[in-house]
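Reading through the structure tokens given below for one structure.
Since the structure is predicted, the reported quantities are computational estimates derived from the model, not experimental observations. The first residue in the sequence is number 1, and the count goes up from there.
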Amino acid sequence: MDIGELLDYKPANTPKRPLPEEEVNQIQENETDYERQKKLRRLAKHRVQQIEKQEQERLKAEQERLAEEQRLKQERQDMVQKLVDENLAGTDDGVLDEAALKRMILLFEKKVLKNQEMRIKFPENPEKFMESEIELHDILTEMHAIATVPDLYPILVNLKAVLSLLELLSHENTDIAVAVVNLLQELTDLDSLNENEEGTEILIDALLSKQICALLVQNLERMDESVKEEANGVHTTLGIFENIMELRPDVVVEVGKQGLIQWLLKRIKAKMPYDGNKLYSSEILSILLQNNEENRALVGEIGGIDNLLQQLAYYKRHDPSSPDEQEMMENLFDCLCSCLMDKQNRDRFLRGEGLQLMNLILREKKLSRNGSLKVLNHALSGPQGKDNCNKFVDILGLRTIFPLFMKTPKKNRKRMLSTEEHEGTKLYLYLRT
């Protein structure tokens, strides 16, 4: 064979192995049933492998698409966050102006939305949404700067930030709710009224229209005062009520109806060691009852007279352990005096053996003595006090009263301030009856 033949030589083509479908379709002579079943098994296996391969390719493509979408979304969020942070950081001399406030509110709304999304996406995995709550807490702290510029309060209201803040009072994390309470307390501080009365009035109107009092009471109900931060949150919440009532005395009735009086009575009655919150609760209750007949009637209807008598009974044989506790005791006496200006409450006071308690307090000669005289003065005065006067005589109250006209010993003189005035008034009432 010469070289030309070698170059022109072509080997015979080897037939390609048929696909399983072709094997099944091919009819061969002498093919047994076993061989045909074998071909069918190979075909089924081949089809399963093809389906698995296609599914894997589809899943891989879907994962790549989702990963790319997530990457682009995160890039956009990071870009927006960077721009907002740069704008906030670029505020001249740290002074908050209208543009900076709008950026701050925008950032706040973004943090709120992000936290909501993470909580919905990972409800059983706190580690996933904890970072978003830390960021939300931080922006709430930064928003305290708004309280220094009451002129911007109208913008705060127009941007609907008030509603977002009040919604956070019911946040699952009480740390967030406490942060909102701290912010609201600063925003409603009386110093703001002195700086810009109009702006403060607009903010108070917006808060009241969104039922802030009812929301604050609901938040108080879930606070655990054994936790220091939440106990501070309770104190701050009471400060908000005080600010609102001082700015808007006409809302006192509405505040009482929205559950604050019930909560205050329950807090005063709670078997807890004396603390600042109990003192503050007594002060707020005294403000609510001072010049409002509806609130006085409400206290009587919900059993508040018996509640106050139970708390004052402790001081029958015990003096307050500190000046603050003495102030709280005096507040409770003032609350009882205010309630006794209502005729039905005088009847409740009589049925609750309030006269007997005041008589016993007078005999014990403790610091509560002066308060009991004030209560008796209110219980026995006027035509509505006739039944109480008769009962006081029946329980031998005069035997307790008349020795008090003797000169007060020097060591007790400070403890019996203005008692002569009350004694003289009651004696005049007795002579009339």
Side-chain angles (χ1 to χ4, degrees), residues 71-119 129-171 173 175-212 215-216 236 239-240 243-244 247-248:
R71 184 184 64 80
L72 293 175
K73 181 179 178 181
Q74 187 63 40
E75 287 182 357
R76 288 194 296 270
Q77 290 180 348
D78 292 343
M79 186 179 299
V80 172
Q81 181 67 47
K82 183 178 180 180
L83 291 173
V84 172
D85 292 342
E86 289 176 354
N87 288 330
L88 286 176
T91 304
D92 295 335
D93 301 325
V95 178
L96 192 67
D97 56 14
E98 182 176 344
L101 174 62
K102 290 180 178 180
R103 290 192 294 267
M104 181 180 288
I105 298 303
L106 174 63
L107 180 58
F108 164 68
E109 296 290 356
K110 287 181 179 294
K111 299 297 184 184
V112 172
L113 182 60
K114 181 180 179 182
N115 179 242
Q116 291 175 347
E117 291 176 350
M118 297 301 289
R119 273 191 167 270
F129 57 73
M130 187 57 64
E131 183 179 354
S132 66
E133 291 194 0
I134 294 174
E135 294 175 355
L136 179 57
H137 190 279
D138 291 342
I139 188 61
L140 286 170
T141 303
E142 293 176 14
M143 289 175 69
H144 284 240
I146 302 174
T148 63
V149 193
D151 296 343
L152 299 178
Y153 284 1
I155 300 174
L156 181 70
V157 174
N158 292 335
L159 293 175
K160 311 297 183 183
V162 170
L163 179 60
S164 298
L165 287 172
L166 294 181
E167 287 176 349
L168 288 177
L169 286 174
S170 58
H171 196 280
N173 187 346
D175 289 340
I176 299 297
V178 170
V180 173
V181 165
N182 292 334
L183 176 58
L184 292 174
Q185 197 276 336
E186 285 203 21
L187 292 175
T188 58
D189 192 83
L190 296 181
D191 292 339
S192 302
L193 181 65
N194 298 329
E195 295 179 20
N196 188 298
E197 183 175 355
E198 182 180 358
T200 306
E201 291 287 342
I202 292 175
L203 176 62
I204 295 298
D205 287 339
L207 291 171
L208 292 175
S209 67
K210 302 300 182 184
Q211 303 297 315
I212 181 177
L215 293 172
L216 288 174
T236 306
I240 297 174
N243 292 340
I244 291 176
L247 292 170
R248 290 291 182 82

* Going by atom types only, do N115 and H171 share a side-chain donor-acceptor pair under 3.5 Å? -> yes

Could you grab the distance from atom [atom1] of [X] to atom [atom2] of [Y], nearest 0.5 Å is fine?
{"X": "T141", "Y": "L136", "atom1": "OG1", "atom2": "CG", "answer": "9.5 Å"}
{"X": "L165", "Y": "L207", "atom1": "CG", "atom2": "CG", "answer": "8.5 Å"}
{"X": "L152", "Y": "E98", "atom1": "CG", "atom2": "CD", "answer": "7.5 Å"}
{"X": "I204", "Y": "N243", "atom1": "CD1", "atom2": "CG", "answer": "7.5 Å"}
{"X": "L184", "Y": "L203", "atom1": "CG", "atom2": "CG", "answer": "8.0 Å"}
{"X": "K160", "Y": "K210", "atom1": "NZ", "atom2": "NZ", "answer": "6.5 Å"}

* To do: Apply side chain to side chain contact (heavy atoms under 4.5 Å, CB included) to the pair F108 and L159, showing each step before the final yes or no.
  => CA-CA 11 Å; F108 164 68; L159 293 175; over 6 Å; no

Within a strict 4.5 Å, meaning less than it, do heavy atoms of the [X] and [Y] side chains meet?
{"X": "L96", "Y": "M104", "answer": "yes"}
{"X": "R248", "Y": "E201", "answer": "yes"}
{"X": "K110", "Y": "I139", "answer": "no"}

What's the shortest heavy-atom distance between [X] and [Y], and which atoms?
{"X": "I212", "Y": "L166", "answer": "CG1-CD2, 3.9 Å"}
{"X": "A206", "Y": "V157", "answer": "CB-CG1, 3.8 Å"}
{"X": "K114", "Y": "S132", "answer": "CG-CB, 4.4 Å"}
{"X": "E186", "Y": "Y153", "answer": "O-OH, 4.3 Å"}
{"X": "P154", "Y": "G199", "answer": "CD-CA, 4.1 Å"}
{"X": "A161", "Y": "E109", "answer": "CA-OE2, 4.2 Å"}

* Given side chain to side chain contact (heavy atoms under 4.5 Å, CB included), test L183 with I146 step by step and report yes or no. => CA-CA 9 Å; L183 176 58; I146 302 174; 5.7 Å; no

* **Test: E133 and R119 ion pair at under 4.0 Å** => yes

* **Criterion salt bridge (Lys or Arg N to Asp or Glu O under 4.0 Å) against K111, the qualifying member of E131, E117, E135, E142** => E135

